[in-house]
Amino acid sequence: MGRQKKVVILGGGFAGVYAAKHLEKALGKKDDFEIILLSKENYFVFQPMLPELISGTIGLLDIVSPLRPLLPKTNVQAREVESIDLVAQTVTTTHGFRAKPHVLHYDHLVLALGNVTDFRGMRGLPEHALPFKNLADAIHLRNHVIRALEEAAIEEQDDDLRKQLLTFVIAGGGFSGVEVAAELNDFVRRVARSYRGIDPAEIKVMLVHSGERILPEVSESLANFAQKILKKRGVELCLKTRLKAATAEHAILANGKTIPTRTLVSTVPSSPHPLIDMLTVPKTKGGKIIAKNTLAVEGMPNVWALGDCAQVPEPFQDGFCPPTAQHAIRQGKTVAHNIVSAIRGGPQFAFDFGGLGKMGSLGHHCAVAEIFGLNISGYAAFFMWRTIYLMKLPGWGRRLKVATSWALDFFLPPELTELKLIGTSGITEEHFEPGEEVFRQGDVGDRMYILLTGRAEVVRKDNGNEMVLAQLEPGEYFGEMALLQKTTRNATIRCVEAMNTLSIPKKEFNVLSASLPQLKSSFEQKIHKREEAKAADKAS
């Protein structure tokens with residue numbers, strides 16, 4: 001019997017999870033390959049129902065399924081991917097409690113990383129716009145909206161601030177933006193009666209879209225119906241313009257209009273995962289991986305791409321598959337078959353799913369749907385939307401929870417609880433006792449440190465011999481070399497005298513060094529001096 005093959009799947013969305021599910025079915029009682037799924041979360045989110053978390057129609061965990069029970073034969077690893085080496089056929093993941101690199105070898109690699117909200121190049125959006133892409137985004141938006149209502153209810157002195165707090169702007173007129181706008185609008189208007197200081201007439205919900213009509217994915221008649229429903233419920237549509245920039249107090253549109261607001265949600269633009277940018281594979285101008293109809297990447301028979309990060313040929317049209325859950329699910333089945341065929345021998349199948357239709361919720365028991373060429377709107381479409389998605393939820397337990405939440409929503413008022421989740425700031429203080437190591441030689445560079453009090457020593461091991469290179473005193477910094485050079489630690493830092501440090505994570509360090517060239521230059525000069533000193537020691 002040959003060596004067990006390793007199939008590594010990157011991504012815990014629809015494409016990755018369903019690829020793993022179908023690989024598990026193919027594995028059966030055999031043991032000729034291992035399935036490893038890497039996801040930064042240990043759960044799967046049923047994305048189509050995510051907007052309903054804003055209004056609290058369903059519970060926070062109702063659409064979340066733990067990956068391990070869902071994929072019992074898969075080795076699930078809840079870590080982010082740091083890098084991919086297509087030549088060595090390895091994947092390096094970020095560290096856990098210790099900054100130790102974790103490298104996985106693969107025989108087949110499945111790229112199902114999806115896409116991310118990308119605000120690069122858009123003034124003020126990275127700082128002030130709220131993305132809506134994942135569970136954390138949905139929870140953050142819900143808490144933010146409730147906080148805005150709480151503040152508006154007691155704001156009596158500053159009319160401009162009150163107006164900003166009660167104005168909610170959503171950018172993007174596709175399904176995601178429309179569903180967010182509909183749920184948010186229903187929620188704020190429904191709960192406004194719970195606040196003595198808020199008149200529902202003061203509330204503004206605005207949807208900004210660059211096209212002539214919203215929902216370009218469906219027919220004009222359904223889009224017009226959706227526009228009519230949203231307007232009737234108080235949503236203002238700003239069409240034929242786009243979001244250009246943002247500040248803490250304003251959304252700035254391309255047509256010159258400025259909207260005073262403290263809540264700006266942007267569902268556009270999206271771009272492939274940053275890891276895809278680093279790969280030398282065939283890609284589109286938009287950065288998606290070009291996949292063949294078998295979902296293999298051109299020129300790389302052991303690398304496969306599917307889902308939102310891939311451009312997959314549409315089987316029955318001269319185009320490409322849209323980024324929908326129904327396509328991702330079927331792509332997962334196809335790629336699983338083809339990987340098993342590559343391992344065990346057999347024919348490769350071409351992806352041959354053309355789509356069943358499109359659906360979108362408009363809130364308040366109304367929706368639009370295109371199913372097998374038929375246009376359906378109103379309550380009938382809403383009933384169909386809920387029924388179809390309910391049956392697609394993984395597991396009867398989840399389905400029962402969601403159905404119960406929907407039933408109770410008819411009779412009970414929405415929850416107004418603001419969950420103030422405790423989080424740590426990026427830059428923190430850390431304490432070390434004598435003998436403790438701040439980091440070890442060979443660890444991944446994940447942060448830099450500034451020594452506030454106490455003393456430390458720089459230690460390097462070479463061929464089993466340990467050598468103290470330097471002593472560090474208060475005011476000195478260390479750990480920046482691995483961050484700037486994107487390498488592992490070349491020495492160990494050990495505490496000599498009880499010390500406190502200022503710990504700066506890689507993300508914040510990168511922002512500082514990119515924004516302050518002089519600071520980056522001083523770091524580079526310090527690194528250069530250290531290298532010169534090291535060379536001099538060797539020469540002597």
Side-chain angles (χ1 to χ4, degrees), residues 11 13-22 25 44-52 63 65 70 112 114-115 173-179 182 214-226 270 288 291 293-295 305-338 349-363 365-396 398-399 402-403 406:
F14 278 101
V17 166
Y18 277 85
K21 282 176 70 71
H22 288 289
K25 289 181 182 179
F44 165 74
V45 178
F46 194 76
Q47 205 76 17
M49 292 183 182
L50 197 59
E52 294 202 59
I63 60 170
S65 301
L70 194 62
N115 57 29
F175 274 122
S176 182
V178 167
E179 289 180 338
I214 61 173
L215 296 180
E217 301 95 334
V218 300
S219 66
E220 186 175 354
S221 61
L222 284 181
N224 289 336
F225 173 82
S270 291
K288 288 190 174 186
N293 59 6
T294 60
L295 302 175
L306 64 160
D308 294 356
C309 71
Q311 180 179 268
V312 180
E314 179 82 43
F316 305 114
Q317 300 180 32
D318 186 18
F320 303 99
C321 296
T324 65
Q326 58 179 314
H327 284 84
I329 290 170
R330 272 76 174 190
Q331 288 169 11
K333 182 177 182 179
T334 300
V335 83
H337 169 87
N338 290 340
F349 285 176
F351 180 67
D352 62 354
F353 177 71
L356 302 175
K358 302 164 186 173
M359 299 184 296
S361 173
L362 302 177
H365 308 142
C366 186
V368 291
E370 272 185 3
I371 306 293
F372 299 118
L374 297 176
N375 290 345
I376 308 169
S377 59
Y379 186 80
F382 178 75
F383 180 79
M384 184 178 296
W385 182 92
R386 281 199 163 178
T387 302
I388 291 174
Y389 280 141
L390 186 66
M391 296 311 296
K392 286 184 177 292
L393 270 171
W396 283 101
R398 298 286 157 202
R399 295 169 195 166
V402 170
W406 281 343

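Side chains included, hydrogens not; waters and symmetry mates left out as well; all remaining heavy atoms used. Positions are given from 1 along the sequence.
Ring pair Y379/H365 is perpendicular by interplanar angle, where above 60° counts as perpendicular and below 30° as parallel. Between F382 and W385, the angle of the ring planes stays under 30°, which puts this pair in the parallel group of the 30/60° scheme.
When all heavy atoms of F349 and T334 are compared, the pair lying nearest together is O-CG2, 3.8 Å. Residue P313 comes nearest to A291 through the heavy atom pair CD-O, 3.4 Å, listed as atom of the first residue, atom of the second, then distance. Here the closest heavy-atom approach between residue P315 and residue G354 is recorded as CG-N, 4.2 Å. Between S65 and P394, the shortest heavy-atom contact is OG-CG, 3.5 Å. Shortest non-hydrogen contact noted between Q331 and G307 is OE1-N, 2.8 Å. Here the shortest heavy-atom pairing between A19 and V335 reads CB-CG1, 3.8 Å.
Proximity of L390 to W406: side-chain heavy atoms (C-beta onward) are separated by under 4.5 Å at one or more points. Counting heavy atoms from C-beta outward, E314 and H327 have side chains that approach closer than 4.5 Å. In this structure, P51 and F175 have side chains that are not in contact, with every pair of non-hydrogen atoms separated by 4.5 Å or more. F320 is not listed as a side-chain neighbour of V312, based on a closest heavy-atom distance of 4.5 Å or more. Side-chain atoms of E217 and P322, non-hydrogen and from C-beta on, never get closer than 4.5 Å to each other.
Contacts of N375 classified as side chain to side chain donor-acceptor pair (under 3.5 Å), with partners at least two apart in sequence or in another chain: S219, S221. Annotation: salt bridge (Lys or Arg N to Asp or Glu O under 4.0 Å) contacts of E52 (sequence neighbours excluded): R386.
Considering CD1 of I371 and CD1 of I388, their distance stands at 5.0 Å, rounded to 0.5 Å. To the nearest 0.5 Å, atoms CD1 (I329) and NZ (K21) are separated by 10.0 Å. Interatomic distance, CG of L295 versus CZ of R330, reported as 14.0 Å (0.5 Å rounding). For the atom pair CE of M359 and CG of L222, the computed distance is 12.5 Å after rounding to the nearest 0.5 Å. Put simply, NZ on K392 and CD on Q326 are 7.0 Å apart, with the number rounded to the nearest 0.5 Å. Rounded to the nearest 0.5 Å, atoms CD1 (I214) and CG (L362) are 7.0 Å apart.
Between the side chain of E370 and the backbone N or O of K358 there is no donor-acceptor pair closer than 3.5 Å. The backbone N or O of F351 lies less than 3.5 Å from no partner atom in the side chain of N293, so there is not a single donor-acceptor pair.
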